[in-house]
Amino acid sequence: MVQQADLDRTFAALADPTRRTMLERLGRGSATVSELAEPLGISLTGVKKHLHVLEEAGLVSTEKVGRSRHCRLGTERLDDAMAWIGFYQRLWERRLDGLDTWFTLQKGTDR
């Protein structure tokens with residue numbers, strides 16, 4: 001069972017476009033903080049603040065290697081968010097299918 005607090009942190013982290021861009025980049029492979037900062041045009045301090053939010057949400061993990069910090073995508077929280085979204089997707093699909101059936105039946109009685 002997914003904890004609400006975990007989902008809250010995940011969706012709050014995903015709400016920021018800079019963090020989503022960072023996750024997209026990490027989806028292609030690990031990167032250093034400098035490599036993440038370069039295309040974003042923000043300071044290393046800014047990237048580190050965004051990384052902290054992503055780490056707290058469990059979306060990213062970092063490891064200090066020598067003088068640099070390597071970042072990689074953590075999928076567990078994304079899997080939790082997808083499971084939550086999938087539940088509601090299936091729920092709405094069933095409801096919409098029910099409406100479709102109802103409309104089809106209504107057309108049959110209008111003859």
Side-chain angles (χ1 to χ4, degrees):
M1 176 82 160
V2 178
Q3 299 295 322
Q4 283 301 124
D6 291 337
L7 278 176
D8 292 347
R9 277 190 294 277
T10 298
F11 287 121
L14 293 172
D16 185 87
T18 299
R19 291 192 285 268
R20 289 193 306 270
T21 300
M22 292 169 71
L23 289 173
E24 287 172 23
R25 168 55 186 87
L26 292 173
R28 295 190 301 272
S30 67
T32 65
V33 173
S34 297
E35 291 169 337
L36 289 174
E38 186 179 334
L40 294 172
I42 61 175
S43 68
L44 292 177
T45 302
V47 169
K48 288 177 186 178
K49 287 180 181 181
H50 284 293
L51 280 172
H52 178 72
V53 173
L54 291 168
E55 280 186 290
E56 288 294 311
L59 296 170
V60 168
S61 62
T62 63
E63 177 184 13
K64 187 152 177 81
V65 178
R67 292 179 43 183
S68 62
R69 183 162 290 281
H70 292 259
C71 312
R72 67 177 177 275
L73 193 60
T75 60
E76 183 178 333
R77 293 295 174 234
L78 285 176
D79 290 344
D80 290 346
M82 288 304 298
W84 185 87
I85 290 167
F87 170 80
Y88 285 98
Q89 179 182 11
R90 290 185 300 278
L91 176 73
W92 280 104
E93 285 173 352
R94 285 192 304 268
R95 288 183 177 186
L96 292 173
D97 288 345
L99 279 175
D100 188 41
T101 302
W102 183 83
F103 280 117
T104 302
L105 291 173
Q106 291 301 311
K107 283 182 182 179
T109 59
D110 289 343
R111 292 182 195 173

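Throughout, residue positions are numbered sequentially from 1 according to the sequence presented. What's counted below: heavy atoms across the whole structure, side chains too, no hydrogens, waters or symmetry copies.
- In this structure, CD in E56 is found 7.5 Å from CZ in R9, a value given to the nearest 0.5 Å.
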| Stepwise side chain to side chain contact (heavy atoms under 4.5 Å, CB included) check, L73 with L23 | CA-CA 7 Å; L73 193 60; L23 289 173; 3.5 Å; yes
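- Distance CD1/I85 to CZ/F11: 4.0 Å, rounded to 0.5 Å.
- Checked against salt bridge (Lys or Arg N to Asp or Glu O under 4.0 Å), R20 has no partners two or more places apart in sequence or in another chain.
- Annotation: side chain of T10 is not in contact with side chain of D80 (no heavy-atom distance under 4.5 Å).
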| field | Chi angles and distances behind the side chain to side chain donor-acceptor pair (under 3.5 Å) call for E55, S61 | value | CA-CA 6 Å; E55 280 186 290; S61 62; over 6 Å; no
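- In this structure, E24 CD and R19 CZ are separated by 14.0 Å, a value rounded to the nearest 0.5 Å.
- In this structure, A31 and R25 approach most closely via the heavy-atom pair CB-NH2, 3.5 Å.
- Residues meeting the ring pair (Phe, Tyr, Trp, His ring centres under 6.0 Å) test with F87, sequence neighbours left out: none.
- Contact record, L44 with A37: CD2-CB, 3.8 Å, taken as the closest heavy-atom pair.
- Identified under the salt bridge (Lys or Arg N to Asp or Glu O under 4.0 Å) test for residues 37-50, with sequence neighbours left out: none.
- Between L26 and L59 the shortest side-chain heavy-atom distance does not fall below 4.5 Å.
- Closest heavy-atom contact between V33 and C71: CG2-SG, 4.1 Å.
- Rounding to the nearest 0.5 Å places CG of L40 at 6.5 Å from CE of M22.
- Distance NE2/H70 to OG1/T32: 6.5 Å, rounded to 0.5 Å.
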| So W84 and Y88, ring pair (Phe, Tyr, Trp, His ring centres under 6.0 Å) or not? Walk me through it. | CA-CA 7 Å; W84 185 87; Y88 285 98; 4.9 Å; yes
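- Under a hydrophobic clustering in which Ile, Leu, Val, Met, Phe, Trp and Tyr are joined whenever their side-chain heavy atoms come within less than 4.5 Å, directly or via other members, V60 and L14 fall into the same cluster.
- Remark: L36 CG to L54 CG distance equals 9.5 Å, nearest 0.5 Å.
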